Amino acid sequence: MSISVDPEVGVADSGDLENDLPELFVRIGEAAKAAGKAWTLLIDELQYLSQKDLAALIVSLHKINQSELPVLFFGAGLPQVAALSGEAKSYAERLFHFPEVGALSEVDAKAAIRQPVNEEGAVIDEGALTEIFLKTKGYPYFLQEWGHQSWNLAVGDTITLHDARQAEATTLKRLDEGFFKVRFDRLTPKEREYVIAMARLGNGPYRSSDVAEVLGESSQSLGPRRAQIISKGMIYSPSHGDIVFTVPMFNDYFTRNLANLG
């Protein structure tokens, strides 16, 4: 026995994503409404969508909003997502909220480490929590990695300041060989030269003109290279003429490994 459904001719089948996707979203929204449910779409790394795909998504959500259908959308991405959305469709800034999700505050960072430790029947000294927060700058993944290594080093049911300090070597080695290296390996040789030049300037934000001076080139000639690095999620521009790494501690990574990176 088999069950088949004939597609409805003329609905979401034009081949033009900006026309088809809104129709698909409406049908899903109508089905959800009829069932007394809601549909939620979650997309991570939103900055990697092409402008065409992002435009189609925005048009679809706009149509859903106008029809008051029970559809929710949550997208996560790097800081340039707001600008990319505006470039794809000018009305995007009115359609979405763009809350910034950055590093955790000291209170939240300490709670994020302390709670799972306590749940396992152990404790962590306040000094250890402060050490981990200061070293990681509150970046969630770094907190997780540093806490993990501190846990492995601790003897008994207490993680001490000594344990947190001893965890530094192992934590940085794991971050260097995994987290940082994976991102650096995405770059071309010329793009690597650019980010290494940034790191040579110390802590950011960095002026594009200063990076150009280190490389002995003009800011204009480096524009396309800079844009490519931004598109790969390594850096972003918080304000005109400024650039920063998308995650903290990247300049420290380059400092530690400069001899091997070129």
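Not measured: the values here are computed from a predicted model.
Of all heavy-atom pairs between Trp39 and Ala32, the closest is N-CB, 4.3 Å. What you find for Gly233 and Thr246 is that their closest heavy atoms are O-OG1, 2.8 Å. Taking both residues in full, the closest heavy atoms of Phe133 and Leu104 are given as CE1-O, 3.7 Å, listed atom of the first, atom of the second, then distance.
Residues Asp185 and Arg192 are in side-chain contact: their nearest non-hydrogen atoms beyond the backbone lie under 4.5 Å apart. Side-chain contact between Met249 and Tyr139 is absent, with no heavy-atom pair separated by less than 4.5 Å. The shortest distance between side-chain heavy atoms of Glu93 and Ser85 does not fall below 4.5 Å. Side-chain contact between Thr158 and Thr160 is present, with heavy atoms from C-beta onward closer than 4.5 Å. Within the 4.5 Å cutoff, the side chain of Leu41 has no heavy atoms near those of the Val71 side chain. Between Leu57 and Ile43, the closest side-chain pair of non-hydrogen atoms falls below 4.5 Å. Counting heavy atoms from C-beta on, the side chains of Phe142 and Lys135 never come closer than 4.5 Å. Two residues are said to be in side-chain contact when any heavy atoms from C-beta on lie closer than 4.5 Å; Tyr194 and Ile229 meet this criterion.
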May I have the step-by-step check of side chain to side chain contact (heavy atoms under 4.5 Å, CB included) for Leu84 and Gln47, ending in yes or no?
CA-CA 7 Å; Leu84 293 174; Gln47 72 276 358; 4.0 Å; yes
Run Phe245 and Phe254 through ring pair (Phe, Tyr, Trp, His ring centres under 6.0 Å) and show every step you take.
CA-CA 12 Å; Phe245 288 110; Phe254 289 122; 5.7 Å; yes
Stepwise side chain to side chain contact (heavy atoms under 4.5 Å, CB included) check, Phe184 with Val195
CA-CA 9 Å; Phe184 184 71; Val195 295; 4.0 Å; yes
Where do Asn251 and Tyr206 land on the side chain to side chain contact (heavy atoms under 4.5 Å, CB included) test, with the steps shown first?
CA-CA 11 Å; Asn251 56 319; Tyr206 311 91; 3.7 Å; yes
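Ion pairing of Glu23 with Lys63 is present here, as a side-chain N (NZ or NE/NH1/NH2) and a carboxylate O approach within less than 4.0 Å. A salt bridge does not link Glu30 to Lys33: none of the charged nitrogens lies less than 4.0 Å from a carboxylate oxygen. Using a 4.0 Å cut-off between charged side-chain N and carboxylate O, Glu217 and Arg225 make a salt bridge. A salt bridge links Glu191 with Lys232: the closest approach of a Lys/Arg side-chain nitrogen to an acidic carboxylate oxygen falls below 4.0 angstrom. For the pair Asp176 and Arg256, the salt-bridge criterion is met [side-chain N within less than 4.0 Å of a carboxylate O]. Remark: Glu18 engages Lys89 in a salt bridge, criterion side-chain N to carboxylate O under 4.0 Å.
Relative orientation of the Tyr253 and Phe250 rings is perpendicular, given thresholds of 30° and 60° on the angle between their planes. A parallel orientation is assigned to the rings of Tyr141 and Phe179, their planes being inclined by less than 30° (bins at 30° and 60°).
At least one donor-acceptor pair under 3.5 Å links the side chain of Ser60 to the backbone N or O of Ala56. Under the 3.5 Å distance criterion, the side-chain polar atoms of Asn118 are left unmatched by any main-chain donor or acceptor of Gln115.
Counting non-hydrogen atoms of other residues, nucleotides and ligands closer than 6.0 Å to CD of Glu45 gives a total above 12. Taking a 6.0 Å sphere around CD of Glu68, one finds it holds 12 or fewer heavy atoms contributed by other residues, nucleotides or ligands.
Geometric assessment of Arg183 against the ring of Phe180 yields a negative cation-pi assignment under the 6.0 Å and 45° thresholds.
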Tabulate below the donor-acceptor pairs under 3.5 Å that side-chain atoms of residues 122-132 make, not counting sequence neighbours, or state none.
from   : atom 1 : to     : atom 2 : distance (Å)
Glu126 : OE2    : Lys110 : NZ     : 2.7
Thr130 : OG1    : Lys110 : NZ     : 3.0
Thr130 : OG1    : Glu126 : O      : 3.1

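Here the options are Lys173, Arg174, Lys181, the test is salt bridge (Lys or Arg N to Asp or Glu O under 4.0 Å), and the partner is Glu177; only Lys173 passes.
Legend: residues meeting side-chain contact (heavy atoms from CB on, under 4.5 Å) with Phe96, ordered by chain and number and at least two apart, are Ile58, Leu61, Phe73, Ala92, Phe98.
Judged purely by distance below 3.5 Å, without hydrogens or angles, the side chains of Thr255 and Asp252 never pair a donor atom with an acceptor atom.
Through side-chain heavy atoms spaced under 4.5 Å, either directly or across other Ile, Leu, Val, Met, Phe, Trp or Tyr residues, Tyr236 is tied to Val244.
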